[in-house]
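Here is the structure we will look at, set down as C-alpha cells.
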Number of protein chains: 2
Amino acid sequence: MSKGEKTRDKILQKAAGLASICGLEDMSIGKLAEATGLSKSGLFAHFKSKENLQAQVIQWVANMFTEEVLRPAFREQRGVPRIRAIYGNWKDWIDGESLPGGCVMIASSTEFDDRPGTVRDEIVNMMNTLLDVLTKSAQIAIDEGHFRSDADPRQFSFEFESILHGYHLLQRLLKDPDASKRSDLAMERLLSTYEATMSKNTEN
Amino acid sequence: MSKGEKTRDKILQKAAGLASICGLEDMSIGKLAEATGLSKSGLFAHFKSKENLQAQVIQWVANMFTEEVLRPAFREQRGVPRIRAIYGNWKDWIDGESLPGGCVMIASSTEFDDRPGTVRDEIVNMMNTLLDVLTKSAQIAIDEGHFRSDADPRQFSFEFESILHGYHLLQRLLKDPDASKRSDLAMERLLSTYEATMSKNTEN
DNA sequence: CCAATAATAGCACGACCGTTCGGTTTTTTG
DNA sequence: CAAAAAACCGAACGGTCGTGCTATTATTGG
C-alpha cells in the first residue's frame with residue numbers, strides 16, 4: 001500500500017466518524033483537515049470533489065459494516081442463528097462501537113433521499129445490497145427448515161430492517177433505557193412468526 | 001392575527017417544505033428568504049437566531065402532523081379502526097402530500113440525534129409525545145377489547161413506529177414499488193399479534 | 001389622523017465553504 | 001543516486017453562511 005493510499009484510508013476513517021456525528025453534508029473539508037492534521041488543499045487533492053469524498057465515505061462505511069456486522073455473523077450456523085448474529089452485531093454497530101455517531105447508513109438514508117446525485121446512488125446501492133443480504137439470509141433459513149416454507153424472505157428483510165431503524169430512534173435520539181428490550185421483543189415476535197411450527201418441524 | 005404573525009406563519013410553511021427536502025441544517029436563511037420573497041435580514045428579524053428558527057419549524061411541523069395525521073384519525077372509532085387510520089394518514093404524510101420532502105420528524109430524528117441543543121430537545125419532545133399518543137391508542141384498543149388484555153401498549157408503539165420508518169426508507173429512498181404492500185403486511189402482522197383471539201372476544 | 005410601534009430592507013462584518021493553482025517537499029522508480 | 005512522480009502545503013478566489021446595525025416603510029392603537 002503506497003503512502004497516498006494509506007493517508008487516504010486514514011482520511012476516510014476520520015471522515016466516517018465525523019459524518020456519523022454531523023452528517024455527510026455538514027462534514028466539511030476544513031473540519032476534516034483539522035481532524036487529520038492535513039492541510040485543506042492536501043486533503044482535497046485525494047478526492048477531486050466533495051461529492052466524490054462523500055461517495056467514498058459511503059463505500060468505506062459499507063465495507064466496515066460488512067466487516068464488523070455481516071462477516072462475523074456469517075461464521076455462525078446458517079439460518080436463524082446467523083440472522084440473530086446479524087441482529088446483535090448491528091445493534092452494537094448502532095450503539096457506536098465502531099463509529100461514534102451510530103449508523104451512517106440509516107442516517108444518510110434520510111439525509112439524501114431527496115438529493116439526486118452520485119452520493120444518493122451510492123447509498124441506494126448500499127441499502128439494496130444490505131436488504132438483499134437479509135433476504136438471502138431469510139431464504140437460507142427457509143431452506144434449513146427454520147422458517148416456514150411459505151415465508152416471504154423479502155418481507156422478512158423489510159421487517160428486520162424496520163426494527164433496526166426503530167432501535168436507532170429509541171437508542172440514539174430518545175436514549176430510552178428500554179430500547180434494547182423493545183427491539184429484542186420485536187425481533188422475537190418477528191422470528192416466531194416466521195419460524196416453522198414444531199409440528200411442521202417434525203415433517204423433516 | 002397581526003401582520004407579523006401572518007408572515008411568520010408563511011415563512012414557517014416554506015421553511016418546513018424546504019427542511020423536508022434538504023434538512024433542518026442545510027435550510028439556510030438565504031434560500032428561505034428567496035423562497036418567501038423577503039430580505040434576509042427582514043426574515044431573520046422574526047426569529048432571533050437560526051437555532052430558534054429551526055426549533056419553531058419543528059413545532060410547526062408537529063402541529064401540522066397533529067392536524068393532518070392524528071386529528072382526522074381521532075374521528076374514527078376508538079381502538080383498532082383509529083390505529084388503522086393513524087397508519088394510513090401517516091403513510092400519506094410520508095408520501096409527501098403535505099410536505100414535499102416527506103416526514104421531517106423521521107429525517108430530523110437522525111439529523112440531530114448527536115447534536116445537543118434546543119432543536120434536539122424539541123425533536124425529542126415531539127417524538128416522545130408521538131409515541132405517547134400511539135401508546136395511549138394501543139391502551140384504548142385494549143380497553144375496547146380489540147387487543148389482548150395482556151398486550152404491552154408501549155411495545156406496540158415501538159413496533160408501529162418502526163414500520164413507518166421502514167416504509168419511509170423503501171418509499172422515499174429506494175422508491176420500491178412494493179413499499180406500500182410491504183408496510184401493510186407488516187402492519188397486519190403487528191395488529192394480528194396484538195388483536196384478541198376470537199375465543200377471547202366471546203368473553204365479552 | 002397622528003403618534004407609537006412593528007415590520008422589513010439595505011448594507012456590512014467576519015467566518016467558513018469548496019475549489020484552484022503554483023511551489024515545495026517527499027516518495028517511488030529506473 | 002538521480003530523475004520522475006506523487007504527495008502535500010500556503011495562499012487566494014468567489015460564494016454563502018449567520019448575524020448585527022441603521023434607516024425606511026407599513027401597521028396599529030388612541
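Residue numbers start from 1 in every chain, and the chains themselves are labelled A, B, ... in the order their sequence lines are given, proteins ahead of strands.
By the side-chain contact (heavy atoms from CB on, under 4.5 Å) test, A:Phe44 is found to be paired with A:Ile29, residues two or more places apart in sequence or in another chain being considered. For B:Phe147, the ring pair (Phe, Tyr, Trp, His ring centres under 6.0 Å) partners are B:Phe156, B:Tyr194, not counting sequence neighbours. Considering only residues two or more places apart in sequence or on other chains, B:Asp152 meets the salt bridge (charged side-chain N to carboxylate O under 4.0 Å, His left out) condition with A:Arg182. Considering only residues two or more places apart in sequence or on other chains, B:Glu67 meets the salt bridge (charged side-chain N to carboxylate O under 4.0 Å, His left out) condition with B:Arg71. Residues forming a ring pair (Phe, Tyr, Trp, His ring centres under 6.0 Å) with A:Tyr87 (at least two apart in sequence, or on another chain): none. Residues passing the side chain to side chain donor-acceptor pair (under 3.5 Å) test with A:Gln139 are A:Asp143, sequence neighbours excluded.
Ring pair A:Trp90/A:Tyr167: centre-to-centre distance not below 6.0 Å.
Taking every heavy atom of residues 9-28 of chain B and every atom of DNA chain C, no pair lies under 4.0 Å. For DNA chain D, none of the residues of residues 110-124 of chain A falls under the heavy-atom distance limit of 4.0 Å. Only B:Leu38, B:Ser39, B:Ser41, B:Gly42, B:Ala45, B:His46, listed by number, bring a heavy atom of residues 38-46 of chain B to less than 4.0 angstrom from any atom of DNA chain C.
Among pairs with a residue in residues 123-134 of chain B, those fulfilling side-chain hydrogen bond (donor to acceptor under 3.5 Å, both in side chains) read B:Asp132-B:Arg154, at least two apart in sequence or across chains.
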Throw together a table of side-chain donor-acceptor distances under 3.5 angstrom for residues 102-110 of chain A, partners on residues two or more places apart or in other chains.
residue: A:Ser108; atom: OG; partner: A:Val104; partner atom: O; Å: 2.8
residue: A:Ser108; atom: OG; partner: A:Met105; partner atom: O; Å: 3.3
residue: A:Ser109; atom: OG; partner: A:Met105; partner atom: O; Å: 2.6
residue: A:Thr110; atom: OG1; partner: A:Ala107; partner atom: O; Å: 3.0
residue: A:Thr110; atom: OG1; partner: B:Thr110; partner atom: OG1; Å: 2.8

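Running 5' to 3' along DNA chain D, contacts with non-hydrogen atoms of chain B at under 4.0 Å begin and end at D:dC17 to D:dT28.
Put simply, the side chain of A:Glu111 never gets that close to the backbone of B:Gly23: no donor and acceptor are under 3.5 Å apart.
Taking for each of B:Lys3 and B:Lys31 the nucleotide of DNA chain D with the nearest heavy atom, the 5'-most of the two is the partner of B:Lys31.
Between A:Ile29 atom CD1 and C:dT20 atom C1' the separation is 13 Å, expressed in whole Å.
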